Structures are given as structure tokens and as C-alpha cells.
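A quick write-up on the structure given underneath.
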Amino acid sequence: MPVALVDCNSFYASCEQVFQPRLQGRAVVVLSNNDGCVVARSREAKALGIKMGEPWFQARRRLQGQAEAVTALSSNYALYADMSNRVMRILGRFSPRQEVYSIDESFLALDGLPGPPAVIGERMRATVLGWTGLPVCVGIGPTKTLAKLANHLAKQHLAWAGVCDLEALEAGEVERLLAPIPVGEVWGVGARLAQRLARLGIDTALDLRRAPPAQVRRHSSVMLERTALELRGIACLDLEMVSPDKQQIRCSRTFGATVSSLAELTEAITSFTSRAAEKLRAQQGEAAAILVEIRSSAFRRDAAPYAASRVVPLAAPTADTRALVAAARAGLNRIYKPGPAYAKAGVILLDLSRAAERQPDLFAEPTADARSQALMATLDQINRRFGRGSLTLANARPAPRWRRREQFRSPRYTTRLDELPVAHC
DNA sequence: TCTGGGGTCCTAGGACCC
DNA sequence: TCTGGGGTCCTAGGACCC
């Protein structure tokens with residue numbers, strides 16, 4: 001049952017390089033929201049020792065003179081999401097069974113397809129590169145966990161030209177490849193588990209593959225037991241071809257500049273709730289509760305950190321921005337205290353369900369629901385057509401102080417007419 | 001000066017019930 | 001001094017992922 005994991009190399013950085021060819025072969029990093037941390041690095045940036053998740057101001061300081069050699073860009077999610085859609089559609093042509101696992105990764109079932117898996121893998125790679133300009137690596141194995149590991153190997157061994165098929169190898173050869181891989185590289189094993197496993201003498205992917213599953217379960221959990229079985233080639237995880245509805249929807253941001261006033265926090269919370277409500281309606285959902293959260297910076301030494309959150313239940317499940325905002329504001333009023341310099345706020349929609357499956361409220365005004373739905377549908381339509389945030393609730397301002405910093409964002413080449421790339425011939 | 005955002009699942013332990 | 005047994009449900013926290 002061969003399954004492939006196709007993963008874009010340095011996805012965000014590669015997207016930037018496609019549209020700015022002068023960046024190819026250079027050290028490029030893409031920064032998180034607010035230009036805070038490094039979230040993607042080109043091969044050359046990795047070679048300079050820049051770490052994933054490292055705060056950019058620290059990396060820059062550490063690199064000193066070399067920092068000039070690095071191009072740092074703010075994240076351009078509109079561009080990445082569009083490029084991701086293109087890659088996923090291309091990969092979908094190769095197999096009827098595809099799981100889009102993340103913005104830059106896809107699992108594909110290869111059984112029943114004509115031709116050797118490795119050859120299909122090579123074609124996938126060549127097609128994605130030719131049609132989008134994005135380099136990908138393909139890992140193939142009998143289980144998802146082994147396909148992930150094969151992908152890791154394909155990225156390491158340049159001579160393999162981006163494709164690694166573990167099923168084509170003898171068992172002894174597979175074990176020889178797994179032996180040097182630290183157990184923390186295995187899908188499902190993070191830093192904490194790796195530490196605990198080290199105490200049991202399990203240091204490598206091969207060690208975990210050989211460990212008795214029952215013992216693994218005793219020392220940890222069923223999840224790790226499944227991982228151990230998958231490493232042996234026993235499939236425990238299915239391909240999930242339809243993505244299930246979200247169980248919670250979150251929208252939170254670190255502010256570009258800290259804020260202290262209730263008025264500004266209210267503005268931010270209103271804006272975040274509106275965005276979350278849009279996502280909720282996109283999956284035809286309703287929320288029965290909303291969590292509001294505000295916090296000061298955890299990194300400041302000069303003041304005690306303050307963080308507070310509150311869950312506010314809704315009178316009835318709803319997807320109406322106005323009802324959700326009212327609840328969020330009520331929650332905010334309960335947790336706000338003057339004084340702290342707030343650095344971050346957010347909301348989470350909870351207890352989600354499908355709108356169509358709700359029991360009607362015995363005491364509700366029968367027409368109110370239909371009117372709310374019509375209004376929200378119109379709001380969403382206008383914002384889809386004219387751009388996010390074109391129509392908002394009355395207290396949102398265009399350029400608030402708390403808005404994120406994005407000093408180095410590239411144009412949205414593929415989704416905005418006025419930002420199309422122009423050829424200079 | 002400057003430290004992301006958005007998800008999932010599992011488990012332990014408390015509350016509550018008979 | 002000595003304080004039952006067994007079950008369900010919910011939540012907080014911890015771990016993981018990209």
C-alpha cells in the first residue's frame with residue numbers, strides 16, 4: 001500500500017524566489033506575523049545557521065556582518081495560499097486519493113496506479129517544478145509515518161534527486177538508513193518525548209521501530225504506540241481525503257505596538273471576532289461559546305506578565321458577527337484591567353456545530369434567524385468581492401495602532417490585479 | 001526597540017452520581 | 001487509629017503538528 005508524502009522545499013521562501021529570480025541561490029528568510037520570528041529559510045539561509053522559529057532580531061545580531069547577505073521578507077499569505085492551491089491541484093491529477101495535510105504537504109495513495117512508485121514520484125516532482133517553479137521532495141513508504149521519514153531522507157540525500165522510495169529497498173537497507181536519524185525527527189515525536197525516550201535508551205528512529213509496542217504504550221501513550229507500529233510498516237493512520245469541520249476557530253494577533261486602553265482592545269477584539277465568524281460561516285458552522293483572551297508580553301523584564309481569558313456562552317448557537325462580537329466584548333469587559341501594556345489578544349470560537357443540524361429555538365422570533373443569515377451572507381459576499389475588511393462593523397478603524405508590522409512584504413503577485421508581476425523586456 | 005498563528009488529540013484528575 | 005466501590009462527564013494541561 002505505497003503512500004507518498006510530497007512536501008515543498010522551504011515553501012514560503014521558494015514562493016518568493018519564484019517571483020523574484022534575483023533571490024534564487026541566495027539566503028532568504030520569511031518572517032512570522034509582525035516580522036517576529038523566522039518561519040521559512042532557503043537552503044542558503046539554513047547553511048548560515050539561522051534556526052527555524054528564531055526571533056529575527058536575534059539572528060540578525062548573531063550574524064553581524066553576514067546579515068547583509070540575507071534577504072528577510074514579511075509573510076505574504078495571500079501569495080502562499082494561492083501557490084499552495086496550484087501545487088495541490090497538480091498533485092491531485094496523479095492520484096484519486098489525496099490528503100492535503102498542510103499548506104505545503106500532501107499525502108497521495110499510490111497503490112493501483114500504473115508504473116513503479118518511484119517513477120510516479122519523479123513525474124510529480126518534475127510537473128510541480130515545471131508548472132509552478134516550486135521544488136518539492138517525494139517520500140514513499142508503506143505507512144504515512146514512513147513516507148514522512150522517506151521525505152526527510154530525500155531532502156538530505158541530494159544525490160537521490162528529491163525522491164526516496166523505502167519500499168524499493170531491502171529491510172536491512174531501510175534499517176541502515178533509519179539508524180542515524182534522531183528519534184525526534186520522527187513524525188509524532190517532539191522534543192519532550194524525545195527526552196523521555198532517551199532515558200529508555202531509544203535515541204533513533206531505528207530504536208523506536210524495534211521497541212516493543214506494548215512497552216512504548218506503557219511508558220507513553222497510544223499515540224506513540226501507533227507511531228512505533230507505523231515505523232514497522234503496520235499502517236495505523238488512514239488517508240483523510242475530506243478535511244473534517246474545524247472544532248474550534250481561532251483568530252489572535254500580536255500587536256505592532258502595545259496598547260493599554262479598553263477602547264483599542266475592543267477594536268482589536270471586534271476585528272478578530274469578525275474574521276473568526278467569517279471562517280465559521282465558510283464551514284456552515286455555528287458557535288455556542290466564544291473565548292476572549294488578552295495578554296501582556298511574556299518577554300518583558302520590567303513588568304509582571306498579565307494574561308487573562310474568559311469563555312462566554314452564547315444564548316443560542318450562532319454565526320452572526322453581531323452576536324459573537326457582543327459576547328466577546330462582554331467577556332473583554334470582565335477581564336480587562338487598566339495598567340498592563342497589552343501585546344496580544346485573540347478569540348476562539350468554541351462548541352461548534354453545523355447550522356443545518358441545529359434544533360430550532362422554541363422562543364426565538366421566527367424571522368430573526370433568516371434575516372441574520374441573509375445579512376451575514378451579503379456581508380461575506382461583499383468582502384469576497386471587494387477584499388477582506390471592505391465592509392465591517394461600525395467601530396473598526398482602517399489603520400489602528402495595534403496593526404501588525406510588515407515592513408518587507410512582497411507584492412501579492414497572483415491574487416491582486418494591481419500587483420501583477422510585470423515583465424521588463 | 002524587536003520574540004507567530006492556528007490547529008488536533010490524549011490523559012489525569014476532580015466533580016458528581018448512586 | 002479506623003473512612004467503599006464503581007461509574008460517567010467535564011476540563012485543564014500537556015503533548016504534538018505545520
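Side-chain atoms are counted along with the backbone in the values below, which use heavy atoms only and exclude waters and symmetry mates. A note on names: the letters A, B, ... follow the listed sequences, proteins ahead of strands, and every chain is numbered from 1. Treat the numbers as computed from the prediction; the structure is a model and nothing was measured.
Taking a cutoff of 4.0 Å between a charged side-chain nitrogen and a carboxylate oxygen, D380(A) and R384(A) do not qualify as a salt bridge. Salt-bridge check for D7(A) with K155(A): passed, with a basic side-chain N closer than 4.0 Å to an acidic carboxylate O. Under a 4.0 Å N-O distance rule, the pair E419(A)/R412(A) qualifies as a salt bridge.
Atom-to-atom, OH of Y77(A) to P of dC18(C) comes out at 15 Å; the value is rounded to the nearest Å. Atom CZ in R405(A) sits about 11 Å away from atom P in dG5(B), given to the nearest Å. With rounding to whole Å, K344(A) atom NZ is found 16 Å from dC2(B) atom P. When the C1' atom of dC18(C) is taken as reference, atom CH2 of W187(A) falls 11 Å away, rounded to whole Å. F299(A) places its CZ atom 4 Å from the C1' atom of dT3(B), with the value rounded to the nearest Å. Summarising the geometry, the separation between CZ on R295(A) and C1' on dG4(B) is reported as 13 Å, rounded to the nearest angstrom. At whole-Å resolution of the value, CZ in R217(A) and P in dT11(B) are 7 Å apart. Residue R250(A) contributes atom CZ, which lies 17 Å from atom P of dC18(C) at whole-angstrom precision.
Contact annotation: Q247(A) side-chain N/O to dC9(B) OP1/OP2 distance is under 4.0 Å. Distances shorter than 4.0 Å separate none of the side-chain N or O atoms of K246(A) from OP1 or OP2 on dT8(B). For dC18(C), one of the phosphate oxygens OP1 or OP2 lies less than 4.0 angstrom from a side-chain nitrogen or oxygen of K148(A).
Using a 4.0 Å heavy-atom cutoff across all strands shown, D35(A) reaches no nucleic acid atom at all. As judged by a 4.0 angstrom heavy-atom cut-off over every strand, V186(A) is placed among residues touching the sugar-phosphate backbone only. If you check every strand for non-hydrogen atoms under 4.0 Å, I103(A) touches nothing. Contacts of A191(A) with the nucleic acid, taken as non-hydrogen atoms under 4.0 Å apart, involve only primed sugar atoms and P, OP1 or OP2.
Candidate nucleotides dT11(B), dC2(B), dG4(B) were compared by shortest atom distance to the side chain of V222(A), and dT11(B) ranks first. The side chain of Q248(A) lies closest to dT8(B) when the candidates are dG5(B), dC9(B), dT8(B). Among the nucleotides dC9(B), dC18(C), dC16(C), the one closest to any side-chain atom of R192(A) is dC16(C). The side chain of R226(A) has dC10(B) as its nearest neighbour among dG4(B), dT3(B), dC10(B). Side-chain proximity of S221(A) to dT11(B), dC2(B), dC16(C): nearest is dT11(B). Nearest nucleotide to the side chain of P55(A), out of dT3(B), dG7(B), dG6(B): dT3(B). With dT8(B), dA15(C), dC18(C) as the choices, the nucleotide that has an atom nearest any side-chain atom of L193(A) turns out to be dA15(C). Which of dG6(B), dC10(B), dT3(B) sits closest to the side chain of K279(A) comes down to dG6(B). Among the nucleotides dT3(B), dG5(B), dC10(B), the one closest to any side-chain atom of R253(A) is dG5(B).
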Residue pair R322(A), M376(A): steps toward the side chain to side chain contact (heavy atoms under 4.5 Å, CB included) verdict: CA-CA 9 Å; R322(A) 297 165 299 173; M376(A) 290 302 124; 4.0 Å; yes
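For P317(A) against E286(A), the heavy-atom pair with the smallest separation is CB-OE1, 3.6 Å.
Tested against K144(A) for a salt bridge (charged side-chain N to carboxylate O under 4.0 Å, His left out), the candidates E240(A), E99(A), E105(A), E230(A) yield a single pass: E99(A).
Across all strands shown, dT11(C) pairs with dA12(B); the Watson-Crick or G-U wobble distances both stay below 3.5 Å.
Using C1' as the reference atom, dG4(C) and dC17(B) are 14 Å apart when rounded to the nearest Å.
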Validation: residues 342-352 of chain A side-chain donor-acceptor distances under 3.5 Å, sequence neighbours left out:
residue : atom : partner : partner atom : Å
Y342(A) : OH   : K337(A) : N            : 3.4
Y342(A) : OH   : K337(A) : O            : 2.7

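Looking at which nucleotide of DNA chain B each of R300(A) and S252(A) is closest to, the 5′-most match is held by R300(A).
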